[in-house]
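Notes follow once the structure below has been shown.
Every value quoted in this text rests on a predicted model; they were computed, and no experiment measured them.
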Amino acid sequence: MTEDNTTPESAPVASGTPNTGSDVPPDHLAINPRSPFFDQDKLQRGVGIRFKGTVRTNVEEYSISEGWVRVQAGKTLDRKGNPLTVKLMGPVEAWYEDLGENPPIAKKD
């Protein structure tokens with residue numbers, strides 16, 4: 001028996017916005033509970049993010065249609081004690097990690 005070594009890069013792509021369906025992550029999602037784009041149910045499923053071709057695990061917020069991710073800037077905190085973040089521009093792809101090795105990927109056309 002051989003193993004299937006597929007990665008999310010070879011997975012089916014769900015393109016276009018807005019993304020609909022339960023197997024495709026939302027266009028905009030944040031991990032901060034105070035954000036209007038926070039959704040606990042979707043975050044519990046585990047969302048994988050690829051930014052500029054590299055899988056990132058430190059993304060605080062993303063927008064597929066606008067093409068950016070927000071990541072923490074070191075250990076710096078703002079005056080309210082929240083992590084200071086930086087917005088990085090580039091192509092963003094997202095998928096649910098609970099769907100196994102070949103999940104549908106949401107990305108901009």
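Counting only heavy atoms from C-beta outward, the side chains of Met89 and Val69 never approach each other to under 4.5 Å. Taking the side chain as every heavy atom from C-beta outward, Tyr96 and Pro103 never approach each other to under 4.5 Å.
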Candidate pair Gln72 and Val59, rule side-chain contact (heavy atoms from CB on, under 4.5 Å), full reasoning: CA-CA 8 Å; Gln72 188 171 349; Val59 175; over 6 Å; no

Verify side-chain contact (heavy atoms from CB on, under 4.5 Å) between Leu88 and Trp68, making sure each step is shown before the conclusion. CA-CA 5 Å; Leu88 304 174; Trp68 57 263; over 6 Å; no

Walk me through it: do Gln44 and Asp98 pass the test side-chain contact (heavy atoms from CB on, under 4.5 Å)? CA-CA 9 Å; Gln44 284 181 341; Asp98 68 348; over 6 Å; no

Please walk me through it: do Ser63 and Val92 pass side-chain contact (heavy atoms from CB on, under 4.5 Å)? CA-CA 7 Å; Ser63 175; Val92 180; over 6 Å; no

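Minimum interatomic distance between Pro26 and Ile64 (heavy atoms only, all atoms of both residues): O-CD1, 4.0 Å. Heavy-atom minimum distance, Ala106 versus Val24: CB-CG1, 3.2 Å. Residue Leu43 comes nearest to Ala30 through the heavy atom pair CD1-O, 3.5 Å, listed as atom of the first residue, atom of the second, then distance.
For the residue pair His28 and Glu66, no side-chain donor N or O sits within less than 3.5 Å of a side-chain acceptor on the partner.
Between the Asp27 side chain and the Ser65 main chain, a donor and an acceptor come within less than 3.5 Å of each other.
Note that the OG1 atom of Thr54 and the CD1 atom of Ile49 stand 13.0 Å from one another [nearest 0.5 Å]. Separation of atoms NZ (Lys42) and CG (Leu29) is listed at 8.0 Å; rounding is to 0.5 Å. From Arg70, atom CZ reaches atom CD of Glu61 across 6.0 Å, with rounding to the nearest 0.5 Å. The CD atom of Glu60 sits 11.0 Å away from atom OG of Ser35, with the distance rounded to the nearest 0.5 Å. In this structure, Phe37 CZ and Ile31 CD1 are separated by 15.0 Å, a value rounded to the nearest 0.5 Å. Atom CG in Asp78 sits 8.5 Å away from atom OG1 in Thr85 (nearest 0.5 Å).
Taking the ring centre of Phe51 as origin, the terminal cationic atom of Arg56 falls outside the region bounded by 6.0 Å and 45° from the ring axis.
Under the 4.5 Å side-chain heavy-atom criterion for ILVMFWY residues, a single connected hydrophobic cluster contains both Ile105 and Val55. Side-chain heavy atoms closer than 4.5 Å link hydrophobic residues (I, L, V, M, F, W, Y) into clusters, and following such links, possibly through other members, connects Tyr62 to Phe38.
Shown here are the side-chain hydrogen bond (donor to acceptor under 3.5 Å, both in side chains) partners of Lys87, two or more places apart in sequence or in another chain: there are none. Remark: Lys52 engages no residue in a salt bridge (Lys or Arg N to Asp or Glu O under 4.0 Å) (not counting sequence neighbours).
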